[in-house]
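We count ligands from 1, going down the list as the structure has it; atoms in each ligand are counted the same way. FYI, side chains are in, hydrogens and waters are out, and symmetry mates aren't considered; it's all heavy atoms of this structure.
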Amino acid sequence: MQNSHINGLSGLAYLPDHFDRDAQETLLEEIRKIVAEAPLFQPAMPKTGKPFSVRMSNCGPLGWVADVNGYRYQPNHPETGKPWPAIPARLQALWSEIAPDAPPPEACLINYYSTDAKLGLHQDRDEDMFDAPVVSVSLGDTATFRVGGLNRKDPTKSFRLKSGDVVVLGGDARLAHHGVDRILKGTSTLLKSGGRINLTLRRVTAP
Ligand code: MD6
Ligand code: FE
C-alpha cells in the first residue's frame with residue numbers, strides 16, 4: 001500500500017521499509033546526539049496535568065511542547081531553555097522527496113515509547129497551516145497505528161508500523177485522527193533496550 005484512502009480522504013501514504021537497516025542505524029545515531037543535547041521531557045495534558053506515557057524532544061527551529069499552559073510550538077527546550085538542535089540532513093532530504101513543493105520543515109518531534117507507552121487518538125493541528133503534510137519515521141519496536149477520519153467518531157483502521165517505515169498525512173488526510181494503541185515488545189533489535197522512536201516532521205508557520 002503506497003497511497004491509501006481512509007474514510008474517503010486521500011493523502012495518507014504508507015511507505016514500508018523506506019529506510020534500510022543501515023540508514024536506520026545512522027538516523028538513530030543522529031537522534032541520540034540530539035537527545036543528549038535536548039533531553040527527553042515528559043509532556044502533560046493541558047487541562048488535567050496528566051502526564052503522557054510518551055516522552056518527547058524536538059529538533060528544528062521550533063519544537064512541540066505540552067504542559068498545563070497548553071499545546072504549542074516554541075524555539076527553546078522547556079527544561080534547559082536552549083534552542084533545539086538542527087534537523088538532520090537526511091530528514092530534510094526525506095521531506096524534500098515527499099513534499100517537494102512545500103516550504104522546509106520547522107519542527108521534528110521526537111517521540112520515545114517504552115514498551116508500555118501509547119498515544120491517544122489525536123489530530124495534528126497546532127500548526128498555522130495545513131498545506132504541508134506531516135511526515136513520520138518509525139524506529140525500533142513495531143507499533144499498532146490507528147487512523148480514522150476528520151471526526152473523532154469516524155471508523156478507524158489499524159496497521160503496523162515497523163522500524164524504517166514512513167507514514168505521510170497530507171492532502172485531505174492531513175487532519176485525520178490517528179494514534180498509537182500499543183508497542184509490540186521485542187519486535188526490533190535496533191534499540192538496545194527496546195521501545196520505539198517516532199519522528200514527525202512538520203511545517204509550522206506559513207512562509
Ligand atoms: C507515532 N505518530 O507514530 C505517532 N502524526 O508514534 C503521529 O502522531 C503522526 O505518524 C502525524 C502524521 C503521522 C504520524
Ligand atoms: Fe500525530
Side-chain angles (χ1 to χ4, degrees), residues 1-4 6-7 9-16 18-19 24 27-28 31 35 40 42-43 45 52-58 60 62-66 71-73 87 91 94-95 98-99 102 105-127 129-150 152 154 156-185 187-188 190-191 194-204:
M1 173 177 51
Q2 173 95 1
N3 281 285
S4 177
I6 180 86
N7 289 308
L9 306 173
S10 67
L12 164 68
Y14 172 50
L15 311 171
H18 190 81
F19 290 102
Q24 293 168 38
L27 197 46
L28 179 62
I31 299 304
V35 170
L40 292 168
Q42 186 160 43
M45 301 289 290
F52 283 52
S53 57
V54 177
R55 291 191 299 151
M56 299 180 174
S57 187
N58 290 273
L62 292 171
W64 188 85
V65 301
Y71 299 129
R72 64 193 178 277
Y73 284 94
I87 298 176
L91 291 176
L94 171 70
W95 178 270
I98 285 171
E106 294 172 296
C108 176
L109 175 64
I110 300 166
N111 284 166
Y112 172 71
Y113 298 76
S114 55
T115 47
D116 54 4
K118 54 192 188 317
L119 186 64
L121 205 65
H122 67 275
Q123 292 172 295
D124 285 28
R125 57 168 193 198
D126 298 317
E127 300 74 32
M129 60 105 133
F130 303 127
D131 314 34
V134 177
V135 177
S136 115
V137 182
S138 293
L139 295 172
D141 284 339
T142 299
T144 325
F145 186 68
R146 181 185 294 276
V147 190
L150 300 182
R152 209 182 163 73
D154 287 339
T156 59
K157 75 181 177 194
S158 268
F159 50 107
R160 286 179 176 195
L161 296 183
K162 60 189 188 314
S163 199
D165 291 356
V166 167
V167 170
V168 183
L169 289 185
D172 296 337
R174 172 65 180 75
L175 291 171
H177 283 77
H178 57 280
V180 172
D181 292 337
R182 65 189 212 96
I183 306 300
L184 306 176
K185 190 177 178 173
T187 44
S188 167
L190 188 72
L191 306 190
R196 171 175 182 263
I197 292 171
N198 180 259
L199 311 170
T200 41
L201 291 157
R202 301 103 186 276
R203 176 74 196 188
V204 179

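- Within the 4.0 Å heavy-atom cutoff, Arg196 counts among the residues contacting ligand 1.
- A side-chain N or O of His122 and one of His178 form a donor-acceptor pair less than 3.5 Å apart.
- If you check the side chains of Ser138 and Asp165, you find no donor sitting under 3.5 Å from an acceptor.
- Between His122 and ligand 1, an N or O atom pair is found at a separation short of 3.5 Å.
- Each of the following atoms of ligand 1 lies closer than 4.0 Å to a heavy atom of Val134: 11 (C), 12 (C).
- Atom CZ of residue Arg182 and atom OH of residue Tyr113 lie 14.5 Å apart, to the nearest 0.5 angstrom.
- Residue, atom and distance of the protein heavy atom nearest to atom 9 (C) of ligand 1 are His178 NE2, 3.3 Å.
- Near Val180, meaning under 4.0 Å from any of its heavy atoms, are these atoms of ligand 1: 1 (C), 3 (O), 4 (C), 6 (O).
- When only interatomic distances are considered, the shortest N/O to N/O separation between Thr200 and ligand 1 does not fall below 3.5 Å.
- Tested against Asp124, the residues Leu175, Leu169, Val134 include a single side chain to side chain contact (heavy atoms under 4.5 Å, CB included) partner, Val134.
- Considering backbone and side-chain N/O of Asn198, one or more are found under 3.5 Å from N/O of ligand 1.
- Counting atoms of ligand 1 from 1 in the listed order, those under 4.0 Å from a heavy atom of Ser136 are 10 (O), 13 (C), 14 (C).
- Distances shorter than 2.8 Å separate the Fe ion (ligand 2) from the protein N/O/S atoms His122 NE2, Asp124 OD1, His178 NE2.
- Scanning for ring-ring contact (aromatic ring centres under 6.0 Å, His included) contacts around Tyr71 gives Trp64, with sequence neighbours left out.
- The CG atom of Asn111 lies 8.0 Å from the CZ atom of Arg196; values are rounded to the nearest 0.5 Å.
- Which parts of ligand 1 touch Tyr113 is read off a 4.0 Å heavy-atom cut-off, strictly below it: atoms 1 (C), 4 (C), 6 (O).
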